[in-house]
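A quick write-up on the structure given underneath.
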Amino acid sequence: MIPASSRTDQTPDSSPRRTDSGIATRWQRELAEAVKSPRELVAALGLDPAVLPGALAADEVFRLRVPWSYVRRMRRGDPADPLLRQVLPVARELDEHPGYTGDPLGERAALRAPGLLHKYHGRVLLVTTPACAVHCRYCFRREFPYAEQTAGAPRWNEALEVIRNDASIEEVILSGGDPLSLSDARLAQLTDALARIPHVRRLRVHTRTPIVLPSRVDEGLERWLSRLPWPVVLVLHANHPNEIDADVRSACGRLRATGATLLNQSVLLAGVNDDAEVLAELSRRLFDCGVLPYYLHLLDRVRGAAHFEVDEERARRIAGELAASLPGYLVPRLAREVYGAPAKLSIAPIMP
Ligand SMILES: *Cc1c(COP(=O)(O)O)cnc(C)c1O
Ligand code: SF4
C-alpha cells in the first residue's frame with residue numbers, strides 16, 4: 001500500500017483571496033486554471049481514453065497539476081510526448097519496487113528546524129512552500145511531510161533563528177515545493193528578514209515555475225529580484241528542449257535583466273531525455289536564453305518513479321556522448337545525491 005501523499009491538496013498562492021492586493025495577477029489566474037483532472041488532459045490532447053483508469057488511480061496518490069501554457073507545448077495525440085510523460089499519472093507509479101522509498105534522500109534527518117535542511121557546508125535549503133505550479137511525476141519530494149515541515153509564514157521564524165545563530169551559513173537556498181508559487185509580498189517578507197542577517201552573502205532560488213508558467217516572471221517578480229541586497233542565483237529546472245518556447249525565452253531575458261545568474265538543473269528520465277542529442281539540444285536552447293547547464297541528476301529513488309530510472313552505466317555513456325558533442329560550458333555535471341555525503345557526488349562520464 002502506498003501512503004497517500006501529504007501534498008495532494010496543497011494549493012499555491014493562486015486564489016484571489018490570498019493575493020496581496022485582493023486582485024489576482026495574470027499568473028495567479030493561470031495557476032488557478034491549471035489542469036488538475038486526468039480526464040481533462042486526455043481530452044484536450046486527444047489521447048486514447050484507455051490510459052484513464054491508470055491515470056485516475058495514480059492521481060489519487062499524487063495529484064495531476066499542469067498549467068495550460070505547458071500543455072500547449074505538448075504534441076497532440078502522442079502518449080509518448082516527453083512533456084506529457086513528466087506530468088500524466090500512470091498505473092506504473094503504483095508498482096512497488098525494492099529500494100524506492102518515501103524519503104530517498106534521508107531529508108528528514110537533515111532538518112534543523114521546520115523546513116530547514118542543512119546537509120552541505122555553508123548553505124541551507126529552505127522549504128518555503130509545499131506548492132508547485134506543476135506536479136512532476138518523478139519528484140523526489142512527492143512524499144515529503146510538507147504539512148509538518150514547511151517553513152511557511154508563521155514558522156519561518158524558527159528557521160530564521162537557526163540561520164541567524166550559525167555564522168557558517170553564507171548561502172540560503174529558497175526551495176520547496178517551488179518558492180515562486182508564493183506571492184511577491186510573501187517572498188519579500190522572507191528576504192527582508194534574511195537581509196537582517198549579516199553573514200548571509202548569497203541567495204539562491206530553485207524553481208521550475210519560469211519554465212512551466214513563464215507569466216510568473218512579471219513586473220512584481222522583477223522588482224523583488226532587482227531589489228535584493230545579494231548576488232542572486234536562479235537555478236531553473238528544464239528537462240527537454242521542447243519546454244523552451246518563446247515565452248520561456250522572454251521570461252529568462254527578463255530574469256537576466258535583474259542581474260541574476262541563471263543556471264539549469266535537469267533530471268535524467270527514461271523516455272523523456274535519456275538521449276545525448278536531446279540533452280545537447282536542451283543545452284543549446286538554454287544558452288540561447290542566457291542559461292548555463294548546472295546539474296544532470298540521476299533519479300532519486302522515490303516510490304512511484306521507478307519507471308523513469310536510467311541505470312548508472314547508461315547514464316555515464318549518455319553523459320560521455322554529450323560531453324563529446326558540446327563545448328565544456330554547455331555540459332551539465334552528472335551527479336547523484338548520496339545519503340550522508342558532504343556534497344552531491346559527481347559521476348564520471350564514459351567517453352564514446
Ligand atoms: C542540492 C542541495 C543543495 C545545493 O547543493 P549544490 O551542490 O550547492 O547545488 C543544498 N542543500 C540541500 C539540502 C540540497 O539537497
Ligand atoms: S517543480 Fe520541482 S519540487 Fe515541484 S513537483 Fe516538480 S520536481 Fe517536484
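Numbering of ligands and ligand atoms starts at 1, following listing order. Predicted model, so just to flag it, every value in this text is computed and none were measured.
- Considering both main-chain and side-chain atoms, Y120 never comes within under 3.5 Å of ligand 1 through any nitrogen or oxygen pair.
- The distance from ligand 2 to the heavy atoms of C132 drops below 4.0 Å at these ligand atoms: 1 (S), 3 (S), 4 (Fe), 5 (S).
- Less than 4.0 angstrom separates some heavy atom of G177 from each of these atoms of ligand 2: 3 (S).
- At a 4.0 Å heavy-atom cut-off, ligand 1 does not touch V124 at all.
- Contact check on R284 versus E277 returns a salt bridge, with a Lys/Arg side-chain nitrogen under 4.0 Å from an Asp/Glu carboxylate oxygen.
- Set against the non-hydrogen atoms of R123, the atoms of ligand 1 under 4.0 Å away are 5 (O), 6 (P), 7 (O), 8 (O).
- The residue H118 has no part lying near ligand 1, judged by heavy-atom distances below 4.0 Å.
- At distances below 3.5 Å, at least one donor-acceptor pair connects side-chain atoms of Q86 with backbone N or O atoms of P82.
- Ligand 1 places these atoms under 4.0 Å from at least one heavy atom of I173: 3 (C), 4 (C), 10 (C).
- Looking only at distances, a side-chain donor or acceptor of H199 sits under 3.5 Å from a matching main-chain atom of I163.
- Distances from atom 12 (C) of ligand 1 to the heavy atoms of L126, L117, L125, L111 put L125 nearest.
- The residues D184 and R216 are annotated as salt-bridged, a charged nitrogen and a carboxylate oxygen being separated by less than 4.0 angstrom.
- Of the charged side-chain nitrogens involved, at least one lies within less than 4.0 Å of a carboxylate oxygen, so that E281 and R285 count as a salt-bridged pair.
- Follow the hydrophobic side-chain contacts under 4.5 Å out from W230 and you reach L234 in the same cluster.
- A salt bridge does not link R316 with E312: every distance from a Lys NZ or Arg NE/NH1/NH2 to an Asp or Glu carboxylate oxygen is 4.0 Å or more.
- In this structure, Q265 falls outside the shell of residues with a heavy atom less than 4.0 angstrom from ligand 1.
- Looking only at protein heavy atoms, the nearest one to atom 14 (C) of ligand 1 is K344 NZ, 3.2 Å.
- Judged by distance alone, the side chains of S168 and D166 do bring a donor and an acceptor atom under 3.5 Å apart.
- To the nearest 0.5 Å, atom CG of residue L180 and atom CG of residue L221 are 5.5 Å apart.
- For ligand 2, the atoms closer than 4.0 angstrom to any heavy atom of H237 are 7 (S).
- Without hydrogens or angle criteria, D192 side chain to Q189 main chain gives no donor-acceptor distance under 3.5 Å.
- Comment: E171 does not engage R123 in a salt bridge, judged by the lack of any side-chain N to carboxylate O separation of less than 4.0 angstrom.
- On a distance-only criterion, E107 and ligand 1 share no N/O pair closer than 3.5 Å.
- For residue C136, an N/O/S atom approaches atom 6 (Fe) of ligand 2 to within less than 2.8 Å.
- For ligand 2, the atoms lying closer than 4.0 Å to a non-hydrogen atom of R208 are 1 (S).
- Residue E337 has at least one heavy-atom neighbour below 4.0 Å for each of these atoms of ligand 1: 15 (O).
- When hydrogens are left out, the protein atom nearest atom 7 (O) of ligand 1 is Y295 OH, 2.6 Å; that is the closest non-hydrogen contact.
- The protein heavy-atom contact nearest to atom 6 (P) of ligand 1 is Y294 OH, 3.4 Å.
- Using 4.0 Å as the threshold, R204 has a heavy atom nearer than that to some atom of ligand 1.
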